[in-house]
There are 2 protein chains.
Amino acid sequence: MPQHHPPKTPAETAAPTTRVDSAIRAITDYIHGEGLKVGDRLPSEAAFAESLGVSRTVVREAFKSLAAMRIIEMHAGRRARVGGFDASVMALSLTHALRTEQINAPQMWDARRAVEMRSVALAAMRRTDAEAAALLEQVAQMRDCVDDLARMTELDIAFHVAIADASRNPLFSVLVGSLSSAIRETNPMVWRHRRDNETRRDVVEAHAAIAQAIADGDPDAACAALAAHFDLAARALATAGFN
Amino acid sequence: MPQHHPPKTPAETAAPTTRVDSAIRAITDYIHGEGLKVGDRLPSEAAFAESLGVSRTVVREAFKSLAAMRIIEMHAGRRARVGGFDASVMALSLTHALRTEQINAPQMWDARRAVEMRSVALAAMRRTDAEAAALLEQVAQMRDCVDDLARMTELDIAFHVAIADASRNPLFSVLVGSLSSAIRETNPMVWRHRRDNETRRDVVEAHAAIAQAIADGDPDAACAALAAHFDLAARALATAGFN
DNA sequence: GGCCTGAACTTGTATGATAGGTTGAACAAA
DNA sequence: TTTGTTCAACCTATCATACAAGTTCAGGCC
């Protein structure tokens, strides 16, 4: 029997238990109802407090909760504004899931592969010339620091996110960014097992192949190159002892 | 030039600006440092307040923020516990992104397609017999309510999530759940354009083909069936006027 | 043993106060 | 008219305190 997922409508239909919860609901409804877009200003905490008939404490916790999810942005003195979609929330969530062993590294890599397989294909079809050049440049930078693990990790993530940006679908940027970011912590363990520089160079060349395929505007080649990249990673994961 | 994403390490390395932010950081670090797992109890708000040298208000807002992200769970009178990974956070985030037009429906569908393409393949390889039977049963239920839009929508989501569950990768359950859930709001608009029952029946049969392929343990057939399903959806989206 | 009870603890919410950041309009200077 | 300054009003960040209501668990009673 499949596990039962309680059906949840957006913003959790489940009757709000605490006043903070209902305040959160009221605020999101307000944003939606007023048709507010990113950057638009919200009423003050005091205003919500009065209109909802609760203390400012309650509204404040609701605001903070929404700010944590980047649904709104808060700054001292300034009114809260509607927030922009961002990878950080999902990244935090995924990092937590990894650390608490609700998900393991191979599972994360598997999902990442699925997402990026589409991301590179779109990038190959939609990239601008500037983006193509930038990707090739990033690969060049990677070649220069096969020994610097930390730098390599950051370049790696930036490279994959840049591809996602070129896909012209911000959702891919966020998904790729958060999935990559969450894996960051396991990355050093994997690389430690690539002792010989030759293997490390293989990784860089895998990236080069992806960048080239995207520059050539060849989705199929890009997918093939990405598949090779992930196969390499999968082997490394296995070697590093991830189950 | 590709847009510059400021590199963010997990839990945002960016120097915490407010005390609440640093409290959030301290709490997540505590969870990680103590190696706490899902369900483990955290120290009380008062304890954190004292150890961090801030008021309970600050700790409370930090707790609420983490609770919003499901990193911890809070209940009146009970100590906070480490929370389980859940689709609701991402669903809320995505729903907000859709409502504020940071992402549009076709983009969401595209990402969903990428994720589910892998989800069904894994499900076909790993599903238990019980899961296969359950999927077929769910399709049967869908056949019985082609006229009930709301019910159909919920069954649809439940079906895709059930497949993800069968993939044995909880990340897919979360991704599929949240992506499907976020699309829920646009679903009625799409279905309104499938006037004739014949087309609606096509949709149900597309699901049937997926379920059958998974039951047969045939990943390739499952992918093909899923592709057909999404092509159908893409056409409907176009008809409904989504750009 | 099993059930009940209450004290101790913990979270949920309210109130009031203060410090410090932000904003916008009135006003002065160029 | 334009630009720059200043200040009052507004707003958020944080604190201290208080009390209601839910939870836990050790004893005590049957």
Side-chain angles (χ1 to χ4, degrees), chain A residues 11-12 14-31 34 36-84 88, chain B residues 11-12 14-28 30-31 34 36 38-84 86:
Chain A
E12 44 203 320
T17 52
T18 75
R19 299 190 194 202
V20 174
D21 285 337
S22 52
I24 290 176
R25 181 64 171 280
I27 296 164
T28 54
D29 283 352
Y30 177 89
I31 294 174
E34 298 288 305
L36 300 189
K37 302 303 176 213
V38 177
D40 288 350
R41 299 206 308 186
L42 278 79
S44 70
E45 297 173 354
F48 268 114
E50 188 179 5
S51 96
L52 298 178
V54 296
S55 70
R56 193 164 82 89
T57 307
V58 168
V59 176
R60 176 134 250 285
E61 287 178 7
F63 266 48
K64 270 290 174 192
S65 292
L66 292 171
M69 287 188 287
R70 297 287 191 279
I71 286 177
I72 66 175
E73 283 176 11
M74 298 177 74
H75 295 286
R78 262 204 295 259
R79 295 263 270 268
R81 285 201 270 259
V82 175
S88 63
Chain B
E12 43 202 322
T17 51
T18 75
R19 298 189 195 206
V20 174
D21 285 337
S22 53
I24 290 176
R25 180 63 171 281
I27 295 163
T28 53
Y30 177 90
I31 293 174
E34 298 288 305
L36 299 189
V38 177
D40 289 351
R41 298 207 306 186
L42 276 80
S44 70
E45 296 173 355
F48 269 114
E50 189 180 5
S51 96
L52 298 179
V54 296
S55 70
R56 188 162 84 92
T57 307
V58 168
V59 175
R60 176 135 251 283
E61 287 177 6
F63 266 48
K64 269 290 175 192
S65 292
L66 293 171
M69 288 187 287
R70 297 287 192 280
I71 286 177
I72 66 175
E73 283 176 12
M74 298 177 75
H75 295 285
R78 263 203 295 259
R79 294 264 269 269
R81 287 198 282 256
V82 174
D86 178 73

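Order of the sequence lines fixes the chain letters, A, B, ..., with proteins taken first and strands second; residue numbering starts at 1 for each chain.
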In whole Å, what is the span from the [atom1] atom of [X] to the [atom2] atom of [N]?
X       : N      : atom1 : atom2 : value
B:Met74 : C:dT10 : CE    : C1'   : 10 Å
B:Phe48 : C:dT11 : CZ    : P     : 10 Å
A:Glu50 : D:dC11 : CD    : P     : 12 Å
A:Arg78 : D:dC11 : CZ    : C1'   : 12 Å
B:His75 : D:dA21 : NE2   : C1'   : 16 Å
A:Leu42 : C:dT23 : CG    : C1'   : 17 Å
A:Glu73 : D:dT12 : CD    : C1'   : 15 Å

At a cut-off of 3.5 Å, list every protein nitrogen or oxygen paired with a nitrogen or oxygen from nucleotides 13-15 of chain C, distance to 0.1 Å.
from	atom 1	to	atom 2	distance (Å)
C:dT13	OP1	A:Arg19	N	2.5
C:dT13	O4	B:Arg56	NH2	3.4
C:dA14	OP1	A:Arg19	NH1	3.0
C:dA14	OP2	A:Ser55	N	2.9
C:dA14	OP2	A:Ser55	OG	2.6

Testing the basics here: between [X] and [Y], what is the closest heavy-atom pair and its distance to 0.1 Å?
X       : Y       : value
B:Pro43 : B:Phe63 : O-CZ, 3.9 Å
A:Thr28 : A:Leu66 : CG2-CD2, 3.8 Å
B:Ile24 : B:Ser65 : CD1-CB, 3.7 Å

Should [X] and [Y] count as side-chain neighbours, where that means a heavy-atom distance under 4.5 Å?
X       : Y       : answer
A:Tyr30 : A:Leu36 : yes
A:Lys64 : B:Lys64 : no
A:Ile27 : A:Ile71 : no

TODO: Would you mind telling me which residue lines up with the more 5' stretch of DNA chain C, B:Ala46 or A:Ala76, judged by nearest nucleotide?
DONE: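 Comparing both residues, the 5'-ward one is B:Ala46.
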Protein and nucleotides 3-9 of chain C: nitrogen or oxygen contacts under 3.5 angstrom:
none

TODO: Find the distance between CD (B:Glu45) and CZ (B:Arg79) and round it off to the nearest 0.5 Å.
DONE: 10.5 Å
TODO: Mind checking side chain to side chain donor-acceptor pair (under 3.5 Å) for B:Arg19 and listing every partner two or more places apart, or none if nothing turns up?
DONE: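 Expected list: none.
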